[in-house]
Amino acid sequence: MNTTPLNTKEYIKAALADKNLRAAVGKATGSTADSRNAVIGQIPYWEDLRSRVHLIKKDAIENLDKYLIQFEENCKRNNINVHWASDAEEARNIILDIAQKSNSKKIVKSKSLTTEEINLNNFFADKNIEVLETDLGEYIVQLNKQIPSHLIIPAMHLSRKDIGKLFAEKLGVEYTEDPAELLSIARRILREKFLNADIGISGANFAFASSGSFCVVENEANAHLTISLPRIHIAVMGIEKLIPDKKYLPYFLKLLPPSATGQKSSTYVNFVGGVSRGRYGEGPEEVHIVLLDNGRTKILKDPKLRETLYCIRCGACLNACPVYKNIGGHSYGWVYMGPIGAALIPQYLGESEGKYSPFLSSLCGACADVCPVKIDLPGHLLELRNRVVESGNTPGYERGAFKIYSMIISRPRLYRFLSRFPAVMQKLMPAGKPFPVPGYKEEREFARFDEKGFGKRYKEFINNK
Ligand code: SF4
């Protein structure tokens, strides 16, 4: 799989040292989470909705083979060309083939994290075909030669000043940090690109097996322009996005906007159910859908982790996660980040490549509390941690330390004897000073050891019961 190499420790160190980034991420996640909480407070049946969509996704994922066949048949009936891509390379080549056969030179893209997953922009860079992101946040990170740092707010890590400087440097415009002016600069450039594009590429939030159609949910209308203006439309969709029927969509549309942006509803829901019928003169003449596996069927076969395919990419777990809030999305080193990224990275990229990701969590459970499809993220991260340990992908010193710990903890007399020492050693430290633990103490204080120790306290607790 062709992706940016993971270099998680380096990214984390850099992120923790970057006060501006932490402030920008903290502010944006905080305000989005506050808006979410305010909106869901007005939906009394919120928990019922979560349970309902969990069951819909469970059915969709457990019967995916059946629904995919049904989807393909119905797409064909609607004159939508269906392509199956087993991995990123196959998906890229399918899209290149469509572009070359139609002699296309200009592509506009919108709402497609899946194309980040297959590294499409870099692939086209040397093919003399321009691929331009059109959602404002995506456009900004593309100009900055980065990948999104958040599932929903791709340029979350950048401040207004950063964006003003970027536009001045890359677009040759006068510096401004006024959001309205920045927006109008981007709009001017993008409108021109939409009008001249040969192909529009989007993702799909949900696809419907029973009708062979799909939808894209958005706020900016860039997906609408991407779908309706160019002659050819290509949707790149992970196979897990399929749901059985359109009748279930309202449940998802009630859950997704509050979870993603703290809105009651999204501004636009674009439906694609075939090619332009000419009557209204709108829509593409050619529609393709690329159904991407890229490791998803491997996850599907895994009963313990299959649930991670229920994700609707709302980003709520990122906004709730204390780790994400401090390190931002780029620290995860891949296109999926936060608690769901930490669970997906080792599954997509392998336990060796993704060995650090499941540990980027405090396991506090905040992610599971907010997940609209009720994915047990802490449970999956624990399972993945187990697998990383069992596959020997932990550092030698850590394995050694746990062996010694296990030897001590399984010998009560030895444990009791040794457990006196930390408190005794602590007395040698200057009054009130904690242990100087390297790395740990850079961000927080190491708690002082209890004078009595756990054994004595436990006995007291039992005796006083
Ligand atoms: S895991 Fe849940 S909360 Fe996180 S992005 Fe996916 S659906 Fe949203």
Side-chain angles (χ1 to χ4, degrees), residues 25 28-30 32-37 39-40 43 46-47 49-58 60-61 111-114 116-117 137 148-154 156 203-206 217 237-243 248-249 251-263 266 296 299 304-325 328-329 332 334-348 354 357-358 360-384:
V25 174
T29 49
T32 313
D34 288 348
S35 307
R36 171 205 174 265
N37 296 339
V39 170
I40 71 160
I43 306 176
W46 181 258
E47 288 306 315
L49 266 178
R50 291 177 75 209
S51 305
R52 185 79 191 243
V53 296
H54 181 91
L55 291 176
I56 297 167
K57 284 301 283 188
K58 185 173 166 39
I61 295 298
K111 307 299 287 173
S112 178
L113 204 57
T114 316
E116 298 283 357
E117 182 188 323
S149 66
H150 189 278
L151 295 176
I152 299 292
I153 314 163
M156 176 180 269
N205 289 90
F206 306 98
V217 183
M237 179 189 112
I239 51 174
E240 82 284 10
K241 294 288 179 73
L242 199 58
I243 59 173
Y248 298 122
L249 185 62
Y251 300 117
F252 289 93
L253 292 184
K254 197 81 192 163
L255 283 168
L256 179 61
S259 305
T261 51
Q263 292 167 279
S266 295
R296 286 160 174 84
I299 302 176
K304 287 193 176 164
L305 297 171
R306 186 183 294 154
E307 201 189 61
T308 51
L309 291 174
Y310 297 7
C311 176
I312 56 170
R313 307 278 190 265
C314 73
C317 57
L318 280 59
N319 302 333
C321 176
V323 175
Y324 176 89
K325 280 191 229 181
Y332 294 79
W334 204 46
V335 293
Y336 302 119
M337 65 295 282
I340 186 63
L344 292 180
I345 288 169
Q347 297 190 79
Y348 280 124
S357 306
L360 292 176
S361 166
S362 64
L363 297 180
C364 64
C367 49
D369 289 346
V370 297
C371 177
V373 275
K374 282 195 167 177
I375 299 175
D376 174 20
L377 286 158
H380 300 312
L381 290 171
L382 265 178
E383 172 62 25
L384 284 158

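All residue numbers in this chain count up from 1 along the given sequence. Read the numbers this way: they start at 1 and go in the same order the structure lists the ligands and their atoms.
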What is the ring orientation for Phe206 with Phe252, classed by angle as parallel under 30°, tilted 30 to 60°, or perpendicular over 60°?
tilted
Listing residue and atom name, which protein N/O/S atoms are closer to atom 8 (Fe) of ligand 1 than 2.8 Å?
Cys314 SG
Shortest non-hydrogen separation from Ala368 to Arg50 and the atoms involved
O-NH2, 3.0 Å
Between Arg36 and Ser259, which heavy-atom pair has the shortest distance, and what is it?
CG-CA, 4.3 Å
Are Trp334 and Tyr332 close enough that their ring centres sit under 6.0 Å apart?
no
The side chain to side chain contact (heavy atoms under 4.5 Å, CB included) partners of Arg52 (sequence neighbours excluded) come to Ile56, Tyr251
One thing to verify: whether Arg313 and Glu117 come together as a salt bridge, which I'm taking to mean a side-chain N less than 4.0 angstrom from a carboxylate O.
no
Number the atoms of ligand 1 from 1 as they appear, then name those within less than 4.0 Å of a heavy atom of Leu377, with their elements.
1 (S)
